[in-house]
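Working notes for the structure below.
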Amino acid sequence: MAGMALARAWKQMSWFYYQYLLVTALYMLEPWERTVFNSMLVSIVGMALYTGYVFMPQHIMAILHYFEIV
């Protein structure tokens with residue numbers, strides 16, 4: 001039963017990846033170009049998430065103090 005669930009999850013992830021390739025037109029690139037693009041995308045998203053995690057609490061507190069909510 002677990003094997004079937006794993007196979008189904010793998011098939012679903014493969015479908016999502018295929019959709020990602022089609023929507024972003026990455027299917028036209030060579031494998032090394034696709035790897036470079038995906039690496040840059042993951043790096044940029046990771047840096048944006050990290051920056052939001054580090055700096056957003058400070059900005060939210062500044063806004064709350066400005067409007068005298070806190």
Side-chain angles (χ1 to χ4, degrees):
M1 195 68 163
M4 289 178 59
L6 186 60
R8 187 172 172 188
W10 182 259
K11 185 176 179 182
Q12 187 75 15
M13 287 303 296
S14 296
W15 185 80
F16 283 136
Y17 181 68
Y18 181 66
Q19 290 296 313
Y20 164 71
L21 290 178
L22 288 176
V23 168
T24 57
L26 290 176
Y27 65 91
M28 295 186 295
L29 301 178
E30 293 184 21
W32 71 269
E33 294 171 323
R34 198 177 306 149
T35 302
V36 169
F37 178 84
N38 287 333
S39 299
M40 290 176 62
L41 181 66
V42 167
S43 298
I44 291 169
V45 169
M47 287 187 287
L49 290 173
Y50 174 76
T51 302
Y53 176 75
V54 170
F55 293 111
M56 283 306 288
Q58 296 171 8
H59 291 296
I60 291 171
M61 288 305 294
I63 290 168
L64 293 177
H65 283 294
Y66 177 78
F67 289 112
E68 298 176 355
I69 296 173
V70 176

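A quick note: this is a predicted structure, and the numbers were derived from the prediction, not measured. We use all heavy atoms of the structure for the numbers below, so side chains are in, but hydrogens, waters and symmetry mates are not. Throughout, numbering of the chain's residues begins at 1 and tracks the sequence.
- Under the 4.5 Å side-chain heavy-atom criterion for ILVMFWY residues, no single connected hydrophobic cluster contains both Met47 and Val45.
- Both Met61 and Phe67 belong to a single network of hydrophobic side chains, linked directly or stepwise wherever heavy atoms of I, L, V, M, F, W or Y lie under 4.5 Å apart.
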Sequence neighbours excluded and cut-off under 3.5 Å, please list the side-chain donor-acceptor pairs for residues 17-31, or say none.
unit_1, atom_1, unit_2, atom_2, d
Tyr20, OH, Asn38, OD1, 2.5
Thr24, OG1, Tyr20, O, 2.6
Glu30, OE1, Trp32, NE1, 3.0

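- Contacts of Tyr66 classified as side-chain contact (heavy atoms from CB on, under 4.5 Å), with partners at least two apart in sequence or in another chain: none.
- Hydrophobic clustering, with ILVMFWY side chains joined whenever heavy atoms are under 4.5 angstrom apart, groups Tyr50 together with Phe55.
- Minimum heavy-atom separation, Pro57 to Gly52: CD-O, 3.9 Å.
- Met40 and Val42 end up in different hydrophobic clusters when Ile, Leu, Val, Met, Phe, Trp and Tyr side chains are linked at under 4.5 Å.
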